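Data first, discussion second: the structure below is written as C-alpha cells.
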Amino acid sequence: MVTMSESETAADVPAFRYTAAMANEIEPRWQQFWAENGTFHAPNPAGDLADPSHPRAGAPKLHVQDMFPYPSGSGLHVGHPLGYIGTDSYTRFKRMTGFNVLHPMGFDAFGLPAEQYAVQTGTHPRTTTEANVERYRGQLRRLGMAYDERRSFSTTDPEYYRWTQWIFLQVFNSWFDPELRRARPIAELVTEFEEGARTAEKPWSEMSGTERRELIDGHRLAYVSEAPVNWCPGLGTVLANEEVTPDGRSERGNFPVFKRSLRQWKMRITAYGDRLVEDLDVLDWPEPVKQMQRFWIGRSRGAHVGFPMDGDDTVQVFTTRPDTLFGATYMVLAPEHELVDTVVPGAWPAGTKDVWTGGHPTPEAAVAAYRAQAAAKTEEERTAEGKVKTGVFTGAYATNPVNGAKVPVFIADYVLAGYGTGAIMAVPGHDERDWDFAQTFDLPVIRTIETPADHEGVYTGEGAAINSDFLNGLGVTDAKATMISWLEEQGHGKGATTYRLRDWLFSRQRYWGEPFPIVYDETGLPIAVPESMLPVELPDVDDFSPRTFDPNDAESEPETPLSRKKDWVQVELDLGDGLKTYTRETNTMPQWAGSCWYELRYLDPANSDKLVDPANEAYWMGPRGEGDPGGVDLYVGGVEHAVLHLLYARFWHKVLFDLGHVSSFEPFRKLYNQGYIQAYAYRDARGFPVEASEVVERDGKWFHGDEEVAREYGKMGKSLRNVVTPDEMAEQYGADTFRVYEMAMGPLDASRPWDTRAVIGSQRFLQRAYRLVVDEDSGAIRVGDTELDAKTRRVLHRVIDGVRGDMEELRFNTAIAKLIELTNALTPLPAVSREAVEPLVLMMSPFAPHLAEELWRKLGHDDTLAYADFPVADPAQLVAESITYPVQVNGKVKGRVEVAPDTTEDAVRAAALAAVADILAGREPRKVIVVKGKLVSVVV
RNA sequence: GCGGAAGUGGCGGAAUAGGUAGACGCCCAGGUCUUAGGAACCUGUGCUUGCAAAAGCGUGCGGGUUCGAGUCCCGCCUUCCGCACCA
C-alpha cells in the first residue's frame, strides 16, 4: 500500500524530519554496524567464545531467552515478535546497567508443515526449512534484535541434533533408582544384578544373555513397549496423550485418534512425577502455569488394595480413600480390564437383580455386549453422556478384605482402564459417581463417615469414621493412615501414589525428525549406536510421507518413511562382536525433542566435545546457592506451552542433572507468559472474510467499498485475511516506531487487538524526540550545554527513577509513557539542554535502538550506546519542591493547599481547614485526617 | 461441573502500599501554518445538566468495612483460558 502522504506531500516535509524514509535509511545502517562490530557478542568464561577483553567479561550475568519459533512458510506477523521485542528491550536495558547479557535466538525447525509441503510438492523439507529460517532471520534482523548471532542454530542442524541424539542415549543408558530418587547409569544396575545386590525373579547367573538384556531394558528411562497408544490413521502416526484433544482427535489436522496396542518408544517421565511436582515450588513461574502442570501430573496418594475373587485371582484397586473401605459395597472394573474374561461365571448367580444383567441370559453375553458397546464409543461419546452411568454385572463376587463381605463385581465405562489399576472399590455413600451408579443399579449404601442428620444423598465432606470397626471415631486423615498400616500388616495392600501423567510416547512415524541412534540385532532388542558414530544423519528419501490411511481405519498399521529406505535400514557395524548386520530404528523423534534442551546449547553452541562446557553452564545457568534451581533467568513465551514443552524440558534437564552433566536442576528459573496480539477480521454478507486493511469505519459500522461487513475478533492469519507483517510496518513507519508501538500498547502479559491506525502515535513521539536534537529544516544540532531549569530537572529525574523501576518489572508501556512525558516537557523549552536530552536518548534506546544510536552519534559520541550507563536518578531531585494536598470534606475533594515538603502535620491541617473554611461554614470538624504527602480528609 | 485469569471513557490502557480515577496514546472537535491538509504543531476531550461558575453521577451488578474502596470482605453476572467420570 502506498500512502498518499508519502507521494504527494513529500515536497512539504522538512528535509530533516524523522520520517519512515529516514528510519529506513538509519536502521539498516546501524544493523550493519552492530553486525560488523559484534556489538552484541556475549563473552563466555571458557572455550572459543571466551573474550577477557570484552567490556562485560566477568560481569554479573543475565540469561534471557525467548521460546524459539517454528519457522513457518508464511513468515512472521506482527503478533509473533511481541515477546521478542520485550526481551530485546529488557536485555538492552540490563546490558546498560552492567550485566553480561546472553540473549540468543534459534529455530525449532523439525516439524510437520515442512514435511507436508514436501509430500505435496516434492521439495525436500531441508530446502523449505532453510529458506524459512533465512526469511525469519531477515525479519528479525530488520527489527533490530540484539542477538549474539554466533549462538544461533536450528534444531535440524546435524551438529545440533547430534547432541539431541546424545541426550537420548543418556536417557536410554539410565535407570531411575526409586530409593535415591534419581537417574543412575544403567551400568550400575547391571553391577547390582551381577553382585546380587538386586534380584529378579530368576537368578542373574541362570539367565541367558537375551533374558538379561530384556531385564535391563525394562528398567531404562527410554524403552520400547507394546502398549496402548494413540494411533492416528489420518496422519499415519502415533501421538502423545498431550497431542490428542479432549474429544479424541489429533491436535494437528483434527483427525480421529484410536487407542491401539503398538510397539513404540517411551520415556519414563512418570519416574520423575514427584520431583516435577515438588520442584514447581521453587520456580518463579506464573501460578496458573504451575497449577496446570500440577494438574497434568495429577499426583494422588492413597492405597492399593487387593480384593480376592472366587478362585485364585485378586483384583487390585487404587483408592484415595482407604478410610472408607468398610463402605465398599461393590466393585467396578474397566471394560478393558484383563481379569474380566477369567472371572465371568457360566450363569447368573442366585440373587442377581434384573437391572444388573442388561437383559442378557448369561454373564458372558452381557459382558461381551457391554464391551462391544463401550469399544464402539469414542472418548467423546463416553464422556458426553455425562453422569448417566452404564454398566453390567459380571456374575462374579469379590471379598472385601476388611470385613469378608461378598461384593458384586461390575464392569462400567466410568472406570478408566488407563488410570490407577483400572479397577475401583465403590463407596456409594461418599463418592458421587459411585452413588449415581448405585442408584441406577439398586446397590446398597453404607455410610462410613458421620453424615450430618439433615443430609440426603452422597456425602463427600469430612467427618468421623462410623460403621468401620477399628477406625470408628477417627478423622479422615487418621483413618487413612490407620487403614494403610492395617492393610500392610495383613498383606491386603499398601500405601500407593498414582499419577495422571503417563510415560511419554517418544516415537513418531515421520520423516522430518531426529533419527534414533538405535539399531537392532537378531534378538530384536535395541542397541545404542556408539557416541563416536553420532550424528546418525537423516538420509535422503524419495517419499517423505508415512503411509496414511482412511482416517477412520482403526485397524491400519503404521509404516514409517525411513523403513522404505532399505539400504539405510540395513547397516554393517562393529559394535564389539565383529562386523555384523544390524537393522536401524526407523521411527523419528517427536518435534518436542529439539526444544527440550536448546537453552543449554546456546551457552556453548560450537563445542564439539561436550553438550556444554561445565564452566559455561555453571556461569550462565548454575544455582545461586543452596536450594536454588538455577536455570535461565527469564524465559518468555506463550502460555500454550504451559504443559507439553515445559514439562518435557524439565524432565530432560533433571536427567542431565542426575547424570552430572549440568549443575542446575531446573531449566527455567523464571517464566513469563506474554500476551497475544489479535486482530479484527471482517466478513461480507456471504460470510467470506474480506481484506481487513481495506475496511473503513463509518458511523460505528464497517464497510468494504460500499458493502457493509460484519466485524469479528480473532487470531491473525491468512484465512481471516487480517495479517499485518512487521515488514510492512518497518517500511511504512520504521522498525523503531513499530517496536515502540508494540511495547507501548499495553502490558506485555496482556492480549490486545492490533490497531494499525494507532501506530502513528509512536511515530510522533520519535519525531518529537528527533526534533529535540536536530533542526528539521537545517539539520543542525540544536542541543546546547545550557542548564536545565529546576522544575524540568525534577521532571527528568522523576522520569529516570520511574523508567528504571518500570524496566526492571517489564512494565514497558508505562516506561514509554514516562519517556513521552519527558519529551513533551522538553519540547516547549526555548533551549534544548544536553543535560536532559542525553538521558532521554539513552532511556529510549532499548525501545528505539536505531534512532537512539543515530542521535547518540549526533550528540558527539563515537561509539555504540549499547554499553553506556543507563541514567541514574539523583535522589535529591526526587524531593518535590512543594506538595499539593487535596482536601476532602466527607470524602469529596473540596479544595487544595500547596505547602513545602517539610511542612509539619499541624500546619498542613491548619492550612487545609482554612482552604475549606467556606465549605465548612462554621461547622466543627469531627475528625481531621492528614495523610503525609497524600491528602487531608475532613469529617463533619 | 472443577480450577485459574479478567471486567475502568468511543478504543488500547494508567493508578506499584486503602489516599486527587482516567497517566500515555488512538479516535474525535476547534485552531495555527497553508493553494490544499489526510503532514506537523497548539488547544479541548469520562458522562449528565449549565452561557458560565458550578453541581450531580461514575471503575460489570448488589451489599459491607472505612474519614476515604478501581484496590479489602461477602454474594452474584459476564468473558477468556485450562481440565473434564482420574477412583
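Everything quoted here is computed from the prediction, not taken from an experiment. So that the names make sense, note that chain A is the first sequence line, chain B the second, and so on, each numbered from 1. Quick note: numbers below take in every heavy atom, side chains included, and nothing from hydrogens, waters or symmetry partners.
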Take A:L671 and A:V636, measure what side chain to side chain contact (heavy atoms under 4.5 Å, CB included) needs, and give me the verdict at the end. CA-CA 6 Å; A:L671 176 71; A:V636 176; over 6 Å; no

Can you see which heavy atom on A:H430 is nearest to which on A:T448, and at what distance? NE2-N, 2.9 Å

Mind checking the P distance from B:rA14 to B:rU8? Whole angstroms is fine. 11 Å

When the P atoms of B:rU71 and B:rA17 are compared, how many Å lie between them, rounded to an integer? 14 Å

Listed once per pair and sorted, the salt bridge (charged side-chain N to carboxylate O under 4.0 Å, His left out) pairs that draw on residues 760-772 of chain A, sequence neighbours left out: A:R771-A:E776

B:rA87 P sits how many Å from A:I424 CD1, rounded? 11 Å

May I ask you to evaluate whether A:R757 reaches the phosphate of B:rC11, defined as a side-chain N or O under 4.0 Å from OP1 or OP2? no

Syn or anti for B:rG9, please, going by whether the chi angle lies within 90° of 0. syn

Report which part of the nucleic acid A:Q767 touches: base, sugar-phosphate, or nothing (heavy-atom distance under 4.0 Å, all strands). sugar-phosphate

Can you tell me which nucleotide in B:rC85, B:rG25, B:rG82 comes closest to the side chain of A:Y414? B:rC85

Counting side-chain heavy atoms from CB outward, which of B:rC26, B:rG19, B:rC83 is closest to A:Q888? B:rG19

Rounded to whole Å, how long is the line connecting atom OH of A:Y885 with atom P of B:rC67? 21 Å

From the set B:rC41, B:rC27, B:rC83, return the single nucleotide nearest to any side-chain atom of A:I760. B:rC27

If you measure from the C1' atom in B:rA6 to the same atom in B:rG13, how many Å do you get, rounded? 14 Å

Just how far, in rounded Å, is P of B:rA87 from CD of A:Q316? 18 Å

Would you sort out whether A:T814 and A:V803 count as a side chain to side chain contact (heavy atoms under 4.5 Å, CB included), showing the intermediate values? CA-CA 8 Å; A:T814 50; A:V803 167; over 6 Å; no

Below 4.0 angstrom from OP1 or OP2 of B:rA87, is there any side-chain N or O of A:S300? yes

Give me the ring orientation class for A:H641 and A:H645: parallel if the planes are under 30° apart, tilted from 30 to 60°, perpendicular past 60°. perpendicular

Atom pair distance, as rounded to whole Å: CG in A:L772 and C1' in B:rA40: 15 Å

Of A:T421 and A:R768, the one whose closest nucleotide on RNA chain B sits nearer the 5' end is A:R768

Here the distance between atom P of B:rA84 and atom CD of A:Q291, to the nearest Å, is 15 Å

Of all the choices, B:rG25, B:rC83, B:rC27, which nucleotide is nearest to the side chain of A:I820 once you look at every atom? B:rG25

Would you indicate, yes or no, if B:rA40 has its OP1 or OP2 atom less than 4.0 angstrom from a side-chain nitrogen or oxygen of A:R764? yes

Given B:rG19, B:rC26, B:rC83, identify the nucleotide with an atom nearest to the side chain of A:A758. B:rC26

Within this structure, what is the CE-to-P distance between A:M22 and B:rA39, rounded to whole angstrom? 19 Å

Using atom C1' of each nucleotide, how far apart are B:rG19 and B:rG10 to the nearest Å? 30 Å

Which nucleotide in the list B:rC42, B:rC24, B:rC83 gets nearest to the side chain of A:T827? B:rC42

Name the closest nucleotide to the A:L935 side chain, picking from B:rC83, B:rA23, B:rU20. B:rU20

What does A:S937 touch in the nucleic acid at a heavy-atom separation under 4.0 angstrom: a base, only the sugar-phosphate, or nothing? base

Over 60° means perpendicular and under 30° means parallel, so tell me whether A:Y414 and A:F437 are parallel, tilted or perpendicular. tilted

Is there a side chain to side chain donor-acceptor pair (under 3.5 Å) between A:T827 and A:N824? Walk through the geometry before answering. CA-CA 5 Å; A:T827 294; A:N824 293 349; 4.8 Å; no

Please give the distance between the P atoms of B:rU20 and B:rU59 as a whole number of Å. 16 Å

Would A:E742 and A:R752 pass as an ion pair if we require N to O under 4.0 Å? no

Separation of the C1' atoms in B:rG22 and B:rC73, to the nearest angstrom: 26 Å

Parallel, tilted or perpendicular for A:Y680 and A:Y713, by the 30°/60° rule? tilted

Determine the contact category for A:I929: base if any of its heavy atoms lies under 4.0 Å from a base atom, sugar-phosphate if only primed atoms, P, OP1 or OP2 are that close, otherwise nothing. base

Is the distance between the ring centroids of A:Y733 and A:F738 under 6.0 Å? no

Looking for any heavy atom pair under 4.0 Å, which part of the strands does A:R294 touch: base, sugar-phosphate only, or nothing? nothing

Atom CD1 of A:I816 to atom P of B:rG12: distance rounded to whole Å? 19 Å

Base, sugar-phosphate, or nothing for A:E821, non-hydrogen atoms under 4.0 angstrom? sugar-phosphate

Give a yes or no on whether A:K932 atom NZ has more than 12 heavy-atom contacts from other residues, nucleotides or ligands under 6.0 Å away. yes

Using atom C1' of each nucleotide, how far apart are B:rG56 and B:rC74 to the nearest Å? 30 Å

Please tell me which of the listed nucleotides, B:rA87, B:rC83, B:rA39, lies nearest to the side chain of A:Y419? B:rA87

Out of B:rA84, B:rA40, B:rA5, whichever nucleotide has its closest atom nearest the side chain of A:P288: B:rA5

When all nucleic acid strands are considered with a 4.0 Å heavy-atom cut-off, which category describes A:F295: base, sugar-phosphate, or nothing? sugar-phosphate

Mind checking whether A:W296 and A:Y499 have ring centres under 6.0 Å apart? no

For nucleotides 13-18 of chain B, just jot down a letter per nucleotide in 5' to 3' order: B, S or -, based on protein non-hydrogen atoms under 4.0 Å. SS-B--

Take atom P in B:rA53 and the same atom in B:rU66, then report the distance between them in whole Å. 38 Å

So what stems show up for RNA chain B if we need 3 or more Watson-Crick or G-U pairs in a row, all under 3.5 Å? B:1-7 with B:77-83, B:10-12 with B:24-26, B:28-32 with B:40-44, B:46-49 with B:54-57, B:60-64 with B:72-76

Taking the six-membered ring for Trp, is the centroid-to-centroid distance between A:Y330 and A:F441 below 6.0 Å? no

